[in-house]
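For reference, the structure discussed in these notes is given below.
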Amino acid sequence: MASCARPDIPDARADLGASPSLSEHYRLLFESAPIGFVRVSAQDHIEDVNVAARRLLGIDAAWPEQPPLAFTAFFSAGSLPLWLDLTKGSGGSARASMVAERRPFTAEVRTVPWRGPGDGWLVVIADVTELSEARARQLEAEERFGQVVQQMSDGLVVVDEKTGLIEDHNESFAGILGRNGESLVGLAHEELFSAEHAADQRTALRQALRDGRQHALIRYAHADGGERVADVTIGAVQACGAGLEYLVVRDVTARTRAAEERSRVEARMAETQKLEALGLLAAGVAHDMNNLLTAVLAATELPPTEETLADLRAAALRGRELTERLLAVSRRKPLRSRAFDLLGVVDDVVALARRTFRREIAVLFERPSTPWMVEGDPGQWDQALLNLLINSRDAIYGAGTITIATEATANVRTILVRDDGAGMPPEVLRRAFEPFFSTKTEGQGTGLGLAHVRAVVASHGGTIAIESSPGEGTTVRLELEHRAPRAASVSSPRVSAAPHARTALVVDDEPFVGKAVGRLLARKGWTVVGVSSVSDAVKQLESRPFGLVLTDRSMPQMTGDQLCRAVRCRWPDTAVAVMTGLADDENVIALEASGADAVLSKPFSSDELGGMLEALEVERTGTADVPSCGLPQSVCSCAPSCSRRADKP
C-alpha cells in the first residue's frame, strides 16, 4: 500500500547578503540556530561553521585550524557522488551517510549557492539518523505487512469511496474471482458483482456501510461464468486526505451451497416424516372412517327421524374434523409466522391421536384455561407433537397411558409428553436425535421423528430434552421462551355488493356436491342455477345477471381461481365465493388475491353457508385489483383495453 510523503526539513535557501562580513544580528542567528550551517568554499574548504554544525561534525571549538578542513572528509565513500550532485547548478537536497569522529550518522543535506565574497556553498545539515532508522523500520514493517496481506487466504480490496474504483488488492481477491495474476486496479468494484444480483449487491453493500453492520453477503461474478458467494467485512479509513473503503472478502461459496443443500435435504426429510406419520396413522384413520361410514349407512336405511338425522350430522362433523387434522399434517409449505394458541394445537393433535391410536392406549391432556399465544407456524407444531405421540404409542406394548402436561412461569412455557412404555437404554438415548437412527424394525419408521421435532423446536427458539430408562417410560420436555406475540394487522373484511337478485350460480364438477349446495341455498330463498365447468359458468353469466357465484376451486381444465378473476374483470358487481377442502391461510390468501369475496371450507354446514351469505350482503367497499383474469379470449371476451386480460400484449 502506498504511504504519504515524509516530512522534510525547511528550505534554507536564503540571500545572506553581499557584504564582506555578517552583521552582528545575522551572526547571532547563525550561531544559535539549532540546525547545522556550514559555509564551504568552491575548493571544498570549510569557511565558517555554527555551533550546531561543530557539535554534529565533531569540530573543535578552537577552529579554524591549519591546514583547512575539507567538508567532503565527513562523507562516507558511498555518499561522495551525492555531494557532487548537490554542488551542481543551483544546489539541492539529499540524504547522505556521514562520519564524525568515526561515528556514522545519517544527515539531511541541503546546499544553497553562497552569494558573498568568493564562490562556494551554504550547507544546511541535520542529523536524521533516528528518523531514518524509524523510516527503515516502517518500510520493513510495511513490507512484512504487504507479504502477510498477499499471503492471506482471504481477499483484501481497497476502494476509493468517492469513485468506487479499486485502489489496491491482494492476489487472493483476484483468485477468488478466478483472475489469478490479473490486476483489477482501476476497475469499478461494483462491476465485479454477479450480473443477476448486481442491484441487490449494491444495495446490501451501501446499507451495511450506512448501518455500521460491517458485514454483507456479496455474490461476485467468476471468470468461469458462474458466481462466488463471499462474506465481506467492510471498513472505512481516511488516508492521505482520501476516504477509502477496505473489504476483507472470504469465499463462502462451498459453505453456502452446503447450507442450501442441507435445507433441501431437511425439506425432503420433513416431507418424508409427514408421509411416515400418515402411514403410521393409516390403520387408525381407516378404523375411524369405517366407524363413521357405518353410522352413515345405517342412518340412510332407517326412517328419516330427527334422531337419525342428528347421527348423520354428528358423523359428518367427526369426519370433517379428522380430515382437517390429516390435511394439517400433510401440508407441504410452511405458513408465514403468525400468532397462534399453542394449547389449541395440542388439543387438536390429542383429538387426532385418540381417534387413531389403539383403543387400549389412553391419551390424557388437561388443558389450562389461559391460552398460550406464541409466534410461529402452527402446522410445524402439529407435525412435531404428532411425532412425539406416535413415538410414545410405539413404545407401549399392550395397554398404557400417554400424558401431556404443561408448566408455565413468567418467562417459560413447558410441554411434557410422558408415556409408561418400554423406555430407552443410555446407548439409545444418546442417539435419539440422530436422523435415520431408529430401534424400530424395518417398515415401522425411518427414524426421522425426534430429529424433526428438535428442528421444529429449535426454529421457534426452544429446547428439547429427554429423560428415559428401560422399564420406566420416557418423558420429553419442550421449553419455549414466552414472548408476547406481535400485534396482528387489522384490515377491513372483503365484502361484496348487495346482489341484483337472490340468484346464485353454483359451479362444481361433482354433481352430487353441486346439487347438495343448491338445495341448501334454495332453502334460504335463493334461485339456483348449477353448472359443472368454468366455461359453462361464463356462458350463464353472459346470459343473465347473478348476485352470487359459488364455485369449487379444484376443477379440470380451468380452476375456481380463474373464474374469480373473470367475474371480477367482467362482472365486478357480482359476489364470488370459493369452496375448497384446503382452506388454510396460504390458500385463503391466494384466493383473495384472485378476487374471491369469501372462502368456504369443505365440508360446511347450512349455518356456515348462511353466515357467509350474511357477510356478502354488506355493501361493497371496493373491488379487488386483479392483474389478469387468466382465461383465454374464447372464454373471457372482455374489451381489448382491459388491463386484466391474460392475452393482452
Side-chain angles (χ1 to χ4, degrees), residues 2-19 21-23 25-143:
S3 62
C4 304
R6 58 173 172 77
D8 211 340
I9 62 175
D11 192 346
R13 191 180 304 273
D15 184 358
L16 296 182
S19 59
S21 62
L22 292 170
S23 69
H25 177 67
Y26 282 103
R27 189 69 201 177
L28 179 63
L29 290 176
F30 183 79
E31 289 294 345
S32 62
I35 300 175
F37 285 96
V38 182
R39 185 161 61 85
V40 182
S41 70
Q43 292 76 34
D44 190 33
H45 297 158
I46 296 177
E47 297 289 338
D48 201 356
V49 58
N50 72 349
V51 174
R54 285 199 297 271
R55 188 164 50 247
L56 184 62
L57 299 177
I59 298 175
D60 191 271
W63 181 88
E65 300 174 350
Q66 293 297 332
L69 286 173
F71 184 59
T72 54
F74 295 96
F75 284 83
S76 65
S79 292
L80 281 175
L82 291 174
W83 171 252
L84 297 177
D85 290 339
L86 292 175
T87 54
K88 292 178 182 178
S90 59
S93 64
R95 187 158 290 186
S97 177
M98 302 185 74
V99 180
E101 296 181 343
R102 298 183 181 181
R103 180 185 66 85
F105 66 95
T106 302
E108 187 79 21
V109 180
R110 185 184 295 274
T111 60
V112 181
W114 169 255
R115 291 194 292 275
D119 296 330
W121 302 89
L122 179 63
V123 182
V124 183
I125 58 174
D127 186 351
V128 293
T129 304
E130 292 185 2
L131 181 64
S132 179
E133 290 175 352
R135 178 60 180 159
R137 289 194 297 271
Q138 180 184 354
L139 291 174
E140 183 182 357
E142 288 178 359
E143 183 179 357

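All residue numbers refer to positions in the sequence shown, counting from 1. Just so you know, these numbers come straight off a predicted model, no measurement behind them.
Note that the CG atom of Leu57 and the CG atom of Leu69 stand 9.5 Å from one another [nearest 0.5 Å]. For the atom pair CZ (Phe37) and CG (Asp48), the distance works out to 11.5 Å, reported to the nearest 0.5 Å. Here the straight-line distance linking atom CG of Asp44 with atom CZ of Phe71 works out to 8.5 Å at 0.5 Å rounding. From Asp85, atom CG reaches atom OG1 of Thr111 across 10.0 Å, with rounding to the nearest 0.5 Å. We find the CZ-CE distance between Phe74 and Met98 to be 7.5 Å, quoted to the nearest 0.5 Å.
Under the 6.0 Å distance and 45° angle rule, Arg39 counts as a cation-pi partner of Trp114.
Residues passing the side chain to side chain contact (heavy atoms under 4.5 Å, CB included) test with Leu82 are Ser79, Ala94, Ala96, sequence neighbours excluded.
Checked by atom type and distance alone, the side chain of Asp127 never pairs as donor or acceptor with a backbone atom of Leu56 at under 3.5 Å. For Ser41 (side chain) and Gly120 (main-chain N/O), no donor-acceptor pair under 3.5 Å exists by modelled atom type.
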Item to complete: Let me see the working for Val109 and Val123 under side-chain contact (heavy atoms from CB on, under 4.5 Å), right down to the final yes or no.
Response: CA-CA 7 Å; Val109 180; Val123 182; 3.7 Å; yes
Practice prompt. I would like to know whether Val40 and Thr72 meet side-chain contact (heavy atoms from CB on, under 4.5 Å); could you show each step before the answer?
Written response: CA-CA 10 Å; Val40 182; Thr72 54; over 6 Å; no
Discussion item. Run Val38 and Trp121 through side-chain contact (heavy atoms from CB on, under 4.5 Å) and show every step you take.
Written reply: CA-CA 8 Å; Val38 182; Trp121 302 89; over 6 Å; no
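The shortest heavy-atom contact between Arg54 and Val49 is NH1-O, 3.0 Å. Between Glu31 and Asn50, the shortest heavy-atom distance links the atoms OE1-CA, 3.8 Å. The two atoms that bring Ala33 and Ala52 nearest to each other are O-CB, 3.6 Å, heavy atoms only.
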